Number of protein chains: 2
Amino acid sequence: MITLTPAEENYLKAIYHLSEGGKKGVSTNDVSAEMKTKPASVSDMLRKLGEKEVIEYRKYYGLHITEEGKKLALQTIRKHRLWEVFLVEKLKFSWDEVHEVADELSHVKSRVLTQRLDEYLGFPKFDPHGDPIPDEYGDIRARPRQLLNELDLGSTGQIVAVKDSSPAFLRYLDKVGAYIGARIKVMDKTEFDGSVEILVDNKKSIFMSKDVAGNILVMV
Amino acid sequence: MITLTPAEENYLKAIYHLSEGGKKGVSTNDVSAEMKTKPASVSDMLRKLGEKEVIEYRKYYGLHITEEGKKLALQTIRKHRLWEVFLVEKLKFSWDEVHEVADELSHVKSRVLTQRLDEYLGFPKFDPHGDPIPDEYGDIRARPRQLLNELDLGSTGQIVAVKDSSPAFLRYLDKVGAYIGARIKVMDKTEFDGSVEILVDNKKSIFMSKDVAGNILVMV
DNA sequence: TAATTGATTTAGGGCTGTCTAAAAATAATA
DNA sequence: TATTATTTTTAGACAGCCCTAAATCAATTA
């Protein structure tokens, strides 16, 4: 049975996220940026994770996460997200306050604790950010996606993809401040032209035509 | 502001308990036994705690905890006991399962977390073992004591003292399996002679006359 | 293809917290 | 008091995790 130190868990979790996002392999610098540690420290850690076979690591050529690595990363992610639910739902933390604390809590090693917490929270399927919570076997229920222009007034979600991925469209999104991963809320809908006003990351309000909104996929 | 590492917190907590129990100073070996680490490791840690002025440390002569040290120890104890309450009351852990887990949880550094947890639990004054939970200023409310023969059927508590401390009485208690610190529950009360049946440490059931029970102080 | 640039790794060091083995101080006993 | 026994401390080592500085490798450019 492979066991990871808290630091190793954190690295593996970061690597998992990087693997999901980008298509190709993950580089030392990617991990360094994500973890906010120096590349030199990352090299050392990658060697260790390679020895534990949770990643496949070739010096100078980056890495790929292994199946075993994914499983372990999902365990950590599960714990992290369950604690986030607890902090927000039970202890009334706001979204932005939870991350660090959940991070520390998620390193407490007790399988029973995780199971009981899951049960206590009513086996939630998604965390407060809308990210799915893996079950104890690492399975994730894929969240259904909806087109942004079909969302109801007041509903929230996260931009996960675009139908039109032309550079022009992406540049436009970039310009107005929308991006893959952005948390959005529908603030207003105009009936006659189908345009919408959405709030991005609880900060910036932007207007969108029906055409634009109809090309954005949102996870609700 | 003094900050302690998790290990330092653990040592200080142990030292606080040792200081409360025995009257005189605390020795390196005492701490070693309590912490289950080698005396050599303890020496090193005592030097560090001495430098941080949470204890007063004289080489070869043991130590005394300082006022500042007591305050910090009580903070840690507060967190530990709040988590114990959470684990037992909300997550349905049993008494014997909670300690290690609460220990890890109590090292999560977030003042807000502790406050919100306290609030969520309804500001409990005692942990599941009956030990008092310090408030955020480190104050402990002394728990009221009751005579064992005055407890209601089904109530639980911990034996904390005896009114009659004659050797004969103590020998008797010892014989039947009651002792200072024992967790008890009143299982039966006989009206006509005032005798009671109590369950000790969730294991052993013993009978007591009214005279005996009337000499035992219980913290409920 | 050769030189330069940028990414990555290695080398060496610091800090924490543990250990074992050996030395030193104190306490107990003859 | 002198010797022995016990307690405590020091010395040196190791693992984890981070750093900086220097070396190495790979990719790009001239």
Side-chain angles (χ1 to χ4, degrees), chain A residues 1-15 18-19 22 24-65 72-73 76 100 103-104 106-109, chain B residues 2-15 18-19 22 24-65 69 72-73 76 100 103-104 106-109:
Chain A
M1 167 74 188
I2 303 169
T3 51
L4 302 176
T5 65
E8 287 170 345
E9 278 186 2
N10 278 341
Y11 271 95
L12 190 58
K13 192 167 55 159
I15 287 166
L18 291 169
S19 303
K24 2 194 150 169
V26 176
S27 75
T28 300
N29 260 6
D30 292 343
V31 178
S32 167
E34 184 79 11
M35 291 297 296
K36 287 165 184 150
T37 53
K38 300 293 162 185
S41 309
V42 174
S43 284
D44 220 59
M45 184 56 85
L46 294 184
R47 188 186 43 71
K48 281 191 254 176
L49 293 175
E51 280 167 12
K52 293 194 174 181
E53 298 184 3
V54 294
I55 63 172
E56 213 182 294
Y57 173 51
R58 274 186 61 207
K59 282 201 287 199
Y60 296 104
Y61 285 91
L63 62 96
H64 289 275
I65 192 164
L72 289 173
T76 306
E100 290 176 59
D103 224 77
E104 287 193 66
S106 66
H107 291 303
V108 174
K109 325 175 251 318
Chain B
I2 304 168
T3 50
L4 303 177
T5 64
E8 287 171 345
E9 277 187 2
N10 278 342
Y11 272 94
L12 190 58
K13 191 167 57 160
I15 287 166
L18 290 168
S19 303
K24 1 193 150 166
V26 177
S27 76
T28 299
N29 260 6
D30 293 343
V31 178
S32 168
E34 185 78 11
M35 291 297 295
K36 287 163 184 152
T37 52
K38 301 292 164 187
S41 310
V42 175
S43 285
D44 221 59
M45 184 54 87
L46 294 184
R47 188 183 45 70
K48 282 191 250 176
L49 293 176
E51 280 166 12
K52 293 195 175 180
E53 298 186 1
V54 294
I55 64 172
E56 213 180 294
Y57 173 51
R58 274 186 61 208
K59 283 200 289 198
Y60 294 103
Y61 284 92
L63 62 97
H64 289 275
I65 193 166
L72 288 173
T76 306
E100 288 176 60
D103 224 76
E104 287 193 66
S106 67
H107 291 303
V108 175
K109 325 176 250 321

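Just so you know, these numbers use all the heavy atoms, side chains as well, and skip hydrogens, waters and symmetry mates. What you are looking at is a predicted structure, and each value in this text was computed from that prediction instead of being measured. Here is the naming used below: chain letters follow the sequence lines, and residue numbers restart at 1 for every chain.
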In this structure, how many angstroms lie between the [atom2] atom of [N] and the [atom1] atom of [X], rounded?
{"X": "B:Tyr57", "N": "C:dA25", "atom1": "OH", "atom2": "C1'", "value": "12 Å"}
{"X": "A:Leu63", "N": "C:dA7", "atom1": "CG", "atom2": "C1'", "value": "14 Å"}
{"X": "A:Asn10", "N": "D:dC18", "atom1": "CG", "atom2": "C1'", "value": "14 Å"}
{"X": "B:Leu49", "N": "D:dT9", "atom1": "CG", "atom2": "C1'", "value": "16 Å"}
{"X": "B:Tyr61", "N": "D:dT9", "atom1": "OH", "atom2": "P", "value": "11 Å"}
{"X": "B:Asp30", "N": "D:dT8", "atom1": "CG", "atom2": "P", "value": "7 Å"}
{"X": "B:Leu12", "N": "C:dG17", "atom1": "CG", "atom2": "C1'", "value": "16 Å"}
{"X": "A:Arg58", "N": "C:dT8", "atom1": "CZ", "atom2": "C1'", "value": "14 Å"}

If you only use heavy atoms from C-beta on, which nucleotide in [options] is closest to the side chain of [X]?
{"X": "B:Thr37", "options": "C:dC19, C:dT26, D:dT20", "value": "C:dC19"}
{"X": "B:Tyr60", "options": "C:dT9, D:dA26, C:dA25", "value": "C:dA25"}
{"X": "B:Thr28", "options": "D:dA26, D:dC18, D:dT9", "value": "D:dT9"}

Output a table of nitrogen or oxygen pairs between the protein and nucleotides 13-17 of chain D separated by less than 3.5 Å.
unit_1	atom_1	unit_2	atom_2	d
D:dC17	OP1	A:Thr5	OG1	2.5
D:dC17	OP2	A:Thr5	OG1	3.2

Legend entry - Any residue meeting salt bridge (charged side-chain N to carboxylate O under 4.0 Å, His left out) with A:Lys38, in chain and number order, not counting sequence neighbours: none
Give me the distances for all protein-to-nucleotides 11-14 of chain C N/O pairs that come in under 3.5 Å?
none

[X] side, atom [atom1]; [Y] side, atom [atom2] - distance, nearest 0.5 Å:
{"X": "B:Ser19", "Y": "B:Leu12", "atom1": "OG", "atom2": "CG", "result": "8.5 Å"}
{"X": "B:Lys13", "Y": "B:Leu4", "atom1": "NZ", "atom2": "CG", "result": "12.5 Å"}
{"X": "B:Thr37", "Y": "B:Tyr11", "atom1": "OG1", "atom2": "OH", "result": "3.0 Å"}
{"X": "A:Ser43", "Y": "A:Tyr60", "atom1": "OG", "atom2": "OH", "result": "8.0 Å"}

Inset, instruction - Compare all side-chain heavy atoms of A:Glu34 with those of A:Leu18 and state whether any distance is below 4.5 angstrom. - result: yes
Carboxylate-amine/guanidinium proximity below 4.0 Å for [X] and [Y]:
{"X": "B:Glu8", "Y": "B:Lys52", "result": "yes"}
{"X": "B:Lys109", "Y": "A:Glu104", "result": "yes"}
{"X": "A:Glu51", "Y": "A:Arg47", "result": "yes"}

Inset, instruction - Would you kindly compare A:Pro39 and A:Lys59 by the position of their nearest DNA chain D nucleotide and give the one closer to the 5′ end? - result: A:Pro39
Inset, instruction - May I ask you to say what A:Ser43 touches in the nucleic acid, namely base, sugar-phosphate or nothing, with a heavy-atom cut-off under 4.0 Å? - result: base
Inset, instruction - Would you mind classifying the nucleic acid contact of B:Ser41 as base, sugar-phosphate or nothing, using non-hydrogen atoms under 4.0 angstrom? - result: base
Inset, instruction - Output yes when at least one side-chain N/O atom of A:Asn29 is less than 4.0 Å from OP1 or OP2 of C:dT8, else no. - result: yes
Legend entry - Nearest heavy atoms of A:Val26 and A:Ile15, plus distance in Å: CG2-O, 4.4 Å
